[in-house]
Amino acid sequence: MMKPRRPLILLLLMSVMLPVALVGQEAEPPSPISSDRPGLGDGSHVLAAGIWQVEAGVQYMDQGSDRFSFGQGLIRGGFEAFEVRIYANSLVVQEGIDGSDMGFEDLGLGVKIPLGGPEGWNWATTGLLTLPVGGAGFSADEVTAGAALIGETSLVGSVMLALNAGYFFPFNQPEDGKFAVIVTPNFGISSVEGLSGYAGLASYFGSGEDANIIEAGLAYSTDPATQIDLNWGVDTDSKDWFIGLGWARRWP
């Protein structure tokens, strides 16, 4: 009779002993989801390798006429040294004098790269390229590009501060771009586990008209991998305003 080979014996022993060794050990609790929703700015968190996350939402905007956005999709995938980002954007329905128009916005491709930072700060940078594949009236009709620097720090207690500074421009005319500066304090709400809020200011200036948008919102983690959010904002000059509802989910 043939004797069992040693590797097979070791494998059988491990299959029996490993579950026994794990009994009584506490599993490390999963970290809560970190989403770039809600808000006009992004956070500095970069997904770890093998992690995927989908963020989406719907929005109503009053800009003299009704504008509805469905989708606002952002697909994020973590790799060893960076995060890939696909901006699916929205199907837009806009009411006008002659009736309603409907079409998709442009598709965007981007990356997010962690930079680390000095003690107390966490920094990242993003790059973005949009492709003019949207519908008539909803597309920039040209390739656009941009980059932003993102920093986050803890102020006091559960209060965090996120800073975004970037420049976005037509790819063939980089001098005709806009600067963006977004300051977003956010805070946990201790009376409700998983609930946080934010309020901030987003300023856009450069080519064309400037804009300053005051925004605020809430985010609630229903479990460590899922978040729902509510956000609102108003342009201080034009008085255009919006309200939106979003969802984010992380795998695994």
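Note that these values count all heavy atoms, side chains included, but never hydrogens, waters or copies made by symmetry.
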Quiz item: Would you say Val159 and Leu195 are hydrophobically clustered, going by side-chain heavy atoms of ILVMFWY under 4.5 Å?
Solution: yes

Quiz item: If two hydrophobic side chains count as joined below 4.5 Å and joins carry through other members, does Val183 share a cluster with Leu149?
Solution: yes

Quiz item: Can you check whether Leu47's main-chain N or O pairs, donor with acceptor, with Glu83's side chain at less than 3.5 Å?
Solution: yes

Min side-chain heavy-atom separation [X]-[Y] under 4.5 Å:
X	Y	value
Thr222	Tyr220	yes
Phe168	Lys178	no
Phe169	Pro174	yes
Asp101	Phe138	yes
Glu175	Pro170	no
Met102	Leu91	yes

Identify the heavy atoms of [X] and [Y] that sit nearest to each other, and give their distance.
X	Y	result
Asp141	Asp106	N-OD2, 4.4 Å
Ala211	Asp235	CB-OD2, 3.6 Å
Glu152	Ser44	OE1-OG, 2.8 Å

Quiz prompt | Near-ring test Trp232/Tyr60, centroid separation under 6.0 angstrom | solution = no

Quiz item: With a 4.0 Å cut-off, would you call Asp62 and Lys239 a salt bridge?
Solution: no

Quiz item: Could you go step by step and tell me if Asp240 and Arg67 meet the salt bridge (Lys or Arg N to Asp or Glu O under 4.0 Å) rule?
Solution: CA-CA 11 Å; Asp240 296 344; Arg67 179 184 175 97; over 6 Å; no

Quiz item: How far apart are the C-alpha atoms of Lys112 and Asp42, what are their side-chain angles, what is the distance that settles it, and do they pass the salt bridge (Lys or Arg N to Asp or Glu O under 4.0 Å) test?
Solution: CA-CA 10 Å; Lys112 192 174 189 181; Asp42 291 335; 5.4 Å; no

Quiz item: Passes salt bridge (Lys or Arg N to Asp or Glu O under 4.0 Å), Asp223 versus Arg249? Steps please.
Solution: CA-CA 10 Å; Asp223 60 65; Arg249 176 71 182 180; 3.5 Å; yes

